[in-house]
Amino acid sequence: MNYKDILQNQQKFFATATTLDIGYRIKQLKKLRQLIIKNESRIFKALKQDLKRAKTESYGSEIAPLINEIDFFIKKLPQLAKEKKVRTPLIVSPAKAFQKPVPYGQVLIISPWNFPFDLSLTPLIGAIASGNTVILKPSEYSTASSALIEEMFSNTFANDYITIINGGVDVTTELLKLDFNYIFFIGSTRVGKIVLKAASENLIPTSLELGGKSPCIVDKDANIEVSAKRIAWGKSLNSGQACVSPDYLMVHTSVHDKLIEELKKAFDSLYPNLSEKTKDYSSLINEHHFDRLNSLIDEDKVVYGNLKSKEHLFMSPTIIDNASWDDEIMQDEIFGPLLPVLTFDNFSEMINDLKSRPKPLASYYFGHNKEKQNKLIDEFLTGAICFNDTISHTMNRYLPFGGVGDSGHGKYRFKASFETFSFYKSVQKRSLMEFSLRYPPYKKKYQLIRRFFRFLSK
Ligand code: NAD
């Protein structure tokens with residue numbers, strides 16, 4: 001069946017209004033919950049195959065968040081899907097007015113390979129909860145995970161409701177020609193631009209969940225020991241292949257030497273005697289990414305790490321000191337375990353410089369000065385900012401996830417997903433009684449309207 005036919009079948013199914021029923025949506029979410037639990041050990045296996053991911057990390061970053069997300073919707077969906085009453089000003093009274101969240105219709109989700117289950121199914125859960133039908137295109141790089149997702153869904157959900165289509169650029173290019181009602185893309189800024197251009201052809205609304213270079217600033221008053229441990233963890237999680245991984249360090253010169261020493265100790269304590277055999281350390285996704293990362297390493301600047309094996313797709317956390325904005329490694333998102341270190345002396349000058357660069361998905365600041373923290377909160381545009389830790393803000397379900405500018409637009413996860421995948425329709429129901437002020441002939445109404453306009457519109 002070609003993609004156009006699949007979409008048409010989804011349109012037909014959607015037109016039956018089956019997905020408008022909240023009970024139906026909850027039933028599908030429960031079915032998905034069961035599907036994930038039933039396939040838990042196969043999910044662990046696929047993640048091991050694609051990324052050599054440790055079971056604990058797979059559970060914590062893929063299975064647990066999905067179950068949490070589903071449970072949230074099973075509990076909260078009836079409340080979320082309710083119409084939201086608004087006031088009616090005197091000028092239109094008597095009337096009832098509200099906003100009603102309705103599904104967009106047919107949603108296309110395109111996902112990346114780094115957390116293949118979480119980043120495919122989290123948006124899918126939001127789309128189901130909001131009453132849409134879905135075509136999901138997982139990444140062609142995480143082959144075992146993407147194949148498992150396809151198998152799981154094709155045996156459980158009808159194609160005219162949810163279809164998984166695996167493939168690479170050619171497949172995505174074809175899908176992007178179709179007239180979806182919403183496109184949700186997670187991936188690189190480069191491909192995000194391609195998606196946005198394609199979506200503009202049919203004026204399709206989009207969410208672009210992209211990446212970028214997320215700065216990690218360490219100031220002179222930071223607790224260096226704690227900072228080092230938290231940075232080392234954030235940089236080595238999934239071997240640095242995370243969209244919110246601290247991309248580079250911006251360190252106050254006065255604490256530079258101490259931080260480097262503490263970072264070395266922290267990496268050593270997380271992964272003693274690290275090698276390709278270390279169970280808790282993920283591999284890179286493929287040879288292409290190994291070569292890409294390898295070409296970014298300036299051997300003269302390496303002060304820690306640089307252990308690697310192409311055969312095993314292994315690359316250890318590697319500190320690259322004395323980096324500068326001219327270095328190859330500072331031109332694009334690293335998306336791997338390499339940690340370039342830049343320094344600063346003047347906080348304001350450093351922030352002004354960062355402000356002139358592409359807007360990051362996440363930013364990290366280690367330091368306790370309230371004034372500086374407030375300056376970052378108020379003046380530095382970034383998808384999120386986390387103080388004195390890395391990545392942990394993504395574990396807070398009450399903080400929506402998303403970027404700004406170069407790191408994308410739109411938010412998702414939990415309530416934010418429901419708001420993303422629903423269109424909030426404005427509804428007004430008028431009674432037959434009315435003021436006749438708005439109708440011509442106006443005669444003396446002009447003066448009356450001028451005098452009472454504020455009062456009538458309140
Ligand atoms: P990618 O942009 O290369 O690919 C993402 C998806 O787009 C894949 O499904 C791929 O098949 C498809 N694609 C690739 N090239 C395409 C093209 N020319 N036309 C149409 N579709 C195309 O990204 P990736 O390497 O899979 O993932 C890494 C990127 O994703 C990083 O930049 C990372 O920061 C970002 N990311 C963002 C989030 C987030 O939630 N903001 C989460 C994870 C990853």
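Every number for a ligand or one of its atoms is a count from 1 in the order of the listing. Residue numbers run from 1 in the order of the sequence given.
- Within the 4.0 Å heavy-atom cutoff, Tyr141 does not count among the residues contacting ligand 1.
- A side-chain contact (heavy atoms from CB on, under 4.5 Å) with Ile162 is found for exactly one of Thr133, Leu124, Ile109, namely Leu124.
- Taking a 4.0 Å cut-off on heavy atoms, Ser139 registers as neighbouring ligand 1.
- Atom NZ of Lys355 is surrounded by more than 12 heavy atoms from other residues, nucleotides or ligands within 6.0 Å.
- Across Ile110, Asn114, Asp332, heavy-atom proximity to atom 44 (C) of ligand 1 is greatest for Asn114.
- Remark: the Asn238 side chain and the Glu57 side chain contain no N/O donor-acceptor pair separated by less than 3.5 Å.
- The distance from ligand 1 to the heavy atoms of Gly211 drops below 4.0 Å at these ligand atoms: 34 (O).
- Only side-chain heavy atoms of Leu361 come within less than 4.0 Å of ligand 1; its backbone N, CA, C and O stay farther off.
- Looking only at protein heavy atoms, the nearest one to atom 27 (O) of ligand 1 is Pro112 CB, 3.3 Å.
- One finds no salt bridge joining Glu419 and Lys411 here, because no Lys/Arg side-chain nitrogen approaches an Asp/Glu carboxylate oxygen to under 4.0 Å.
- Between Arg190 and Asp332, none of the side-chain N atoms (NZ, or NE/NH1/NH2) sits under 4.0 Å from a carboxylate O, so this pair counts as no salt bridge.
- In Ser407, neither the side chain nor the backbone holds a heavy atom less than 4.0 Å from any atom of ligand 1.
- The aromatic rings of Phe387 and Tyr365 sit perpendicular to each other, their planes meeting at more than 60°, with 30° as the lower class boundary.
- For atom 31 (C) of ligand 1, the closest heavy atom belonging to the protein is Glu333 OE1, 3.5 Å.
- Among all non-hydrogen protein atoms, the one lying nearest atom 8 (C) of ligand 1 is Ser111 O, 3.4 Å.
- Counting heavy-atom neighbours within 6.0 Å of Lys38 NZ, excluding the residue itself, gives a total of 12 or less.
- Here atom 29 (C) of ligand 1 lies nearest to Gly187 when heavy atoms of Gly383, Gly187, Ser245 are compared.
- Taking any N or O of Lys137, backbone or side chain, at least one lies under 3.5 Å from an N or O belonging to ligand 1.
- Between Tyr182 and Tyr104, the angle of the ring planes lies from 30° to 60°, which puts this pair in the tilted group.
- The protein heavy atom nearest to atom 17 (C) of ligand 1 is Val169 CG1, 3.6 Å.
- Of all protein heavy atoms, the one closest to atom 22 (C) of ligand 1 is Val191 CG1, 3.4 Å.
- Note that atom 4 (O) of ligand 1 has no protein non-hydrogen atoms nearby, at separations under 4.0 angstrom.
- With respect to atom 10 (C) of ligand 1, the closest heavy atom belonging to the protein is Glu140 OE1, 3.5 Å.
- With ligand atoms numbered from 1 in the order given, ligand 1 contributes 42 (C), 43 (C) to contacts under 4.0 Å with heavy atoms of Leu119.
- For the residue pair Thr189 / Asp406, no side-chain donor-acceptor distance below 3.5 Å is found, with atom types taken as modelled.
- Compare Phe115, Phe335, Trp113, Phe185 by their heavy atoms: the one nearest to atom 24 (P) of ligand 1 is in Trp113.
- Interface of Ile186 with ligand 1, defined as ligand atoms under 4.0 Å from a residue heavy atom, comprises 5 (C), 37 (C), 38 (C), 39 (C), 40 (O), 42 (C), 43 (C).
- The closest protein non-hydrogen atom to atom 41 (N) of ligand 1 is Leu210 O, 2.8 Å.
- Of all the atoms in ligand 1, the ones that sit under 4.0 Å from a non-hydrogen atom of Glu209 are 37 (C), 38 (C), 39 (C), 40 (O), 41 (N).
- Every atom of ligand 1 is numbered from 1 in the order shown, and the set under 4.0 Å from a heavy atom of Tyr412 is 40 (O).
- In Lys55, the NZ atom is not crowded: 12 or fewer heavy atoms of neighbouring residues, nucleotides or ligands sit closer than 6.0 Å.
- Protein heavy atom at the shortest distance from atom 2 (O) of ligand 1 is Ser188 OG, 2.6 Å.
- Under the 6.0 Å cut-off for aromatic ring centres, Tyr281 and Trp233 do not qualify, their centroids lying 6.0 Å or more apart.
- Side-chain atoms of His368 and Asp219 include no donor-acceptor pair closer than 3.5 Å.
- Between Asn166 and Glu150, the side chains place a donor N or O and an acceptor N or O closer than 3.5 Å (distance only, hydrogens not considered).
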